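Have a look at the structure below before the remarks.
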Amino acid sequence: MRLTRTLLSGPVLEVAQGLLGCLIETDEVAVRLTEVEGYAGLGLDPASHAHRGPTPRTRVMFGPAGHAYVYFSYGMHWCLNVVTGPEGQAAAVLLRAGEVVRGLELARHRRPAARSDVDLARGPARLCAALGIDATSSGVDLIDSTSPLRLAASAPPRAGLVSSGPRVGVTEAADRPWRFWLDGEPSVSRYRASVRRAPE
DNA sequence: CCATTGATCGTCT
DNA sequence: GACGATCAATGGT
């Protein structure tokens, strides 16, 4: 897909699928995206961080498409979204997994726990670790060629190679099949159905 | 392969 | 004060 701001401002589920196969890259490391999840915005998606309206954390989601929304997860990890959809709607696409296609040595150094190269960016926090992403990346314009973190288009995936299913780890709206991945890619994270904690 | 568990802290109620 | 858009280590099948 062509990565113009206009295109990224389109419907979040279309944008999500279009991002498969694209690159997310720094000057040192590039990752080819194999798995993403769509999150609709304000009032549309109880699983979205933005669904109750803007807060200091989610402010960037309410801005223009094409910017990075980075959040801190479970007290330890960073995860990266691309803001999509019309401005003010706060839709976003979580980048869940990919294949490191440049900067393997540095990615391995940043991911010492990875047992093989396909594990380097298999999972949203692993992808961020491989790229060296932290809070300083939040708000970055991903389609500005001078940014330290950028999206780059690539050849669209062959028809029929995209699958979809429920999102990972969410307890609200768990039935919506808004996770998309490229069939047969070893870097796609293993699916885990979300589990709501049992009442006492 | 699968299931379970501990780590660890920002965010929002 | 409870809860995560997670991961790695561990132990069983």
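A, B, ... follow the sequence lines: proteins, then strands. Residue 1 opens every chain. Computed from a prediction, not measured in an experiment: that's the story for all the values here.
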> Which atoms form the tightest heavy-atom contact between A/Arg108 and A/Leu120, and what is the distance?
Replying inline: CA-CD2, 3.9 Å

>> Students often get this wrong, so: under 4.0 angstrom with heavy atoms, is A/Tyr74 touching a base, only sugar-phosphate, or nothing?
In response: base

> Salt bridge between A/Asp27 and A/Arg102, side-chain N to carboxylate O under 4.0 Å?
Replying inline: no

>> Please pick, from C/dT6, B/dC12, C/dA8, the nucleotide with the shortest atom-to-atom distance to any side-chain atom of A/Pro124.
In response: C/dT6

> In whole angstrom, what separates A/Glu172's CD from C/dG4's P?
Replying inline: 8 Å

> Rounded to the nearest Å, what distance is computed from the NE2 atom of residue A/His77 to the P atom of nucleotide C/dA5?
Replying inline: 13 Å

> Taking OP1 and OP2 of C/dG4, is either one under 4.0 Å from a side-chain nitrogen or oxygen of A/Ser73?
Replying inline: no

> Of the candidate nucleotides B/dA7, B/dC12, C/dT6, which contains the atom at the shortest distance from the side chain of A/Met76?
Replying inline: B/dA7

> Within a reach of under 6.0 Å around CZ of A/Arg59, are more than 12 heavy atoms found that belong to other residues, nucleotides or ligands?
Replying inline: no

>> How many whole angstroms separate atom CH2 of A/Trp78 from atom C1' of C/dA5?
In response: 15 Å

> Taking OP1 and OP2 of C/dA5, is either one under 4.0 Å from a side-chain nitrogen or oxygen of A/His49?
Replying inline: yes

> Taking only side-chain nitrogens and oxygens of A/Arg96, does any of them come within less than 4.0 Å of OP1 or OP2 of C/dT6?
Replying inline: yes

>> Can a donor-acceptor pair be found, under 3.5 Å and without considering hydrogens, that links the side chain of A/Glu35 to the backbone of A/Ser189?
In response: yes

>> I need the CD-P distance between A/Glu35 and C/dA5, as an integer number of Å.
In response: 16 Å

> Is the shortest side-chain N/O distance from A/Arg122 to OP1 or OP2 of C/dC7 below 4.0 Å?
Replying inline: no

> Is the cationic atom of A/Arg57 (NZ for Lys, CZ for Arg) positioned less than 6.0 Å from the six-membered ring centroid of A/Phe72 and within 45 degrees of its normal?
Replying inline: no

> Using a cut-off of 4.0 Å on non-hydrogen atoms, how would the nucleic acid contact of A/Ala113 be classed: base, sugar-phosphate, or nothing?
Replying inline: sugar-phosphate

>> Using only atom types and a distance under 3.5 Å, with no angle test, would you say the side chain of A/Arg111 pairs donor to acceptor with the backbone of A/Asp119?
In response: yes

> Where each pair must be Watson-Crick or G-U wobble with both distances under 3.5 Å, what dot-bracket representation of DNA chain B is obtained, with crossing pairs in [ ] and other-strand partners as |?
Replying inline: |||||||.||||.

>> Quick check for you: among B/dC12, C/dA5, C/dC7, whose closest atom lies nearest to any side-chain atom of A/Tyr71?
In response: C/dA5

> At under 4.0 Å between heavy atoms, what does A/Arg111 touch on the DNA or RNA strands: base, sugar-phosphate, or nothing?
Replying inline: sugar-phosphate

> Between B/dC12 atom P and A/Phe72 atom CZ, what is the distance in whole Å?
Replying inline: 14 Å

>> Rounding to an integer number of Å, can you tell me how far A/Arg52 CZ sits from C/dA5 C1'?
In response: 15 Å

> Between the side chain of A/Asn81 and the main-chain N/O of A/Val83, is any donor-acceptor distance below 3.5 Å?
Replying inline: no

>> What is the distance, to the nearest angstrom, from the OH atom on A/Tyr69 to the P atom on B/dT11?
In response: 9 Å

> Rounding to a whole Å, what distance do you find between A/Tyr39:OH and C/dG4:P?
Replying inline: 12 Å

> Under the side chain to side chain contact (heavy atoms under 4.5 Å, CB included) criterion, do A/Arg5 and A/Asp141 qualify, and how do the steps go?
Replying inline: CA-CA 10 Å; A/Arg5 201 172 315 280; A/Asp141 186 352; 2.8 Å; yes

